Amino acid sequence: MLADGGLAQGEGAGRAVEAAAVGYRGQAAQGHEESFERPVLINHARVEPELGSPARGGLPATLARRTPGGWSLSGTKRFVTGAEGLDWFLVWATTDEPEPSVGTFLVPGGSPGIEITGRWDHLGLRASGSHDVTFREVAIPYENVVGLGPHGPAAEQDNRAGASLHLPLAALYLGVARAAQAFFHTFAPTRVPANLGHPAARTERFRRTTSSPSSNPA
């Protein structure tokens, strides 16, 4: 965790991509095997425009349709970190059966029918590439699915199972916050607003809310 936080202080966006790849690697057997030979980027594609976060339950609109050769996947996902460089997408989807099941479908990143449809352009995190991704009739083998089962409490997101990812992410966010704090602590003692006539760090409000950027402000 200390290493994660330290790396995030230098480059938070890239660390977000790497954290997902490490945290989710064990959930994709194919990607796990490939990672012994080369770096492999893997991430979940779960959040949807209408549904929002899957942490609160609900059926995904992304549909997995049975075909003679396996599955055909169609739908749109949001906030897919590292989207343009992923080797594997772990796509949460609903089957088209009369009684639908839900599961995670393993989609190779280079598959035909995958398109970046919404550009992520947030200050400070642009490099994370957390774009919207649309899957249009993307074909995958039948065996490329894990956790497939009837929709219900047992099929909903188990937030406890994500601890292996959540802890590195917590370290990531803390590292980014510490980097911002360190920058401010160098900025406030040297910033002299014209209407103050002295560094901003000397104002009581700044000292109280930022743990005193300088114990001996000039």
Side-chain angles (χ1 to χ4, degrees), residues 16-17 19-35 40-120 128-166 169:
V17 177
V22 172
Y24 291 136
R25 187 168 294 154
Q27 299 183 34
Q30 295 92 329
H32 183 70
E33 293 171 1
E34 290 177 19
S35 68
V40 174
L41 292 180
I42 302 170
N43 201 0
H44 270 286
R46 296 180 66 88
V47 180
E48 295 186 344
E50 293 81 15
L51 181 65
S53 172
R56 293 179 288 273
L59 274 171
T62 300
L63 194 66
R65 180 175 54 83
R66 285 295 305 272
T67 66
W71 301 97
S72 177
L73 218 67
S74 295
T76 297
K77 298 294 185 178
R78 305 198 69 190
F79 312 129
V80 185
T81 297
E84 291 176 303
L86 293 181
D87 296 287
W88 291 92
F89 293 87
L90 308 184
V91 183
W92 190 51
T94 305
T95 65
D96 66 342
E97 301 162 309
E99 294 186 8
S101 297
V102 293
T104 300
F105 294 80
L106 315 182
V107 180
S111 301
I114 300 176
E115 181 183 355
I116 304 296
T117 52
R119 288 285 168 178
W120 171 265
S128 72
S130 301
H131 305 304
D132 291 4
V133 179
T134 295
F135 302 86
R136 293 190 173 94
E137 298 293 332
V138 178
I140 59 172
Y142 177 73
E143 63 271 16
N144 278 30
V145 58
V146 294
L148 189 63
H151 179 253
E156 292 181 1
Q157 177 172 306
D158 184 355
N159 293 314
R160 296 169 300 177
S164 62
L165 174 66
H166 296 158
L169 282 180

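If you read the sequence from its start, that first residue is 1, and numbering goes on from there. The shown structure was predicted, so the numbers you read here are calculated from the model rather than taken from an experiment.
Atom CZ of F89 is separated from atom CG of L73 by 11.5 Å, given to the nearest 0.5 angstrom. Atom CZ of F135 and atom OG1 of T76 lie 8.5 Å apart (nearest 0.5 Å). Annotation: the span from T81 atom OG1 to H131 atom NE2 amounts to 9.5 Å, rounded to 0.5 Å.
Checked against L86 for a side chain to side chain contact (heavy atoms under 4.5 Å, CB included), the options V107, N43, I42 give a single hit: N43.
G85 and L41 make their closest contact through O-CD1, 3.6 Å (heavy atoms, listed as atom of the first residue, atom of the second, distance). Annotation for V138 and S111: closest pair CG1-CB, 3.7 Å, computed over non-hydrogen atoms. The two atoms that bring N144 and P108 nearest to each other are ND2-CD, 4.4 Å, heavy atoms only. What you find for W120 and G129 is that their closest heavy atoms are CD1-N, 4.2 Å.
Ring pair F105/W71 is perpendicular by interplanar angle, where above 60° counts as perpendicular and below 30° as parallel.
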>> I'd like to know whether I114 forms a side-chain contact (heavy atoms from CB on, under 4.5 Å) with V133, so could you lay out the CA-CA distance, the side-chain angles of the two residues, the decisive distance to 0.1 Å, and finally the verdict.
In response: CA-CA 7 Å; I114 300 176; V133 179; 3.7 Å; yes
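Checked against side chain to side chain contact (heavy atoms under 4.5 Å, CB included), R65 has the following partners two or more places apart in sequence or in another chain: T67, S72, D96, E137. With sequence neighbours left out, the side chain to side chain contact (heavy atoms under 4.5 Å, CB included) criterion links T94 to L59, P60, P100, V102. Listed by chain and residue number, nothing satisfies the side chain to side chain donor-acceptor pair (under 3.5 Å) test with R66 (two or more places apart in sequence, or in another chain).
Looking only at distances, no side-chain donor or acceptor of T104 sits under 3.5 Å from a matching main-chain atom of L90.
Residue pairs meeting the salt bridge (charged side-chain N to carboxylate O under 4.0 Å, His left out) criterion with at least one partner in residues 101-112, sequence neighbours excluded, are absent. Legend: salt bridge (charged side-chain N to carboxylate O under 4.0 Å, His left out) pairs involving residues 71-89, not counting sequence neighbours, sorted by first then second residue: R38-D87, E48-K77, R78-D132, E84-R119.
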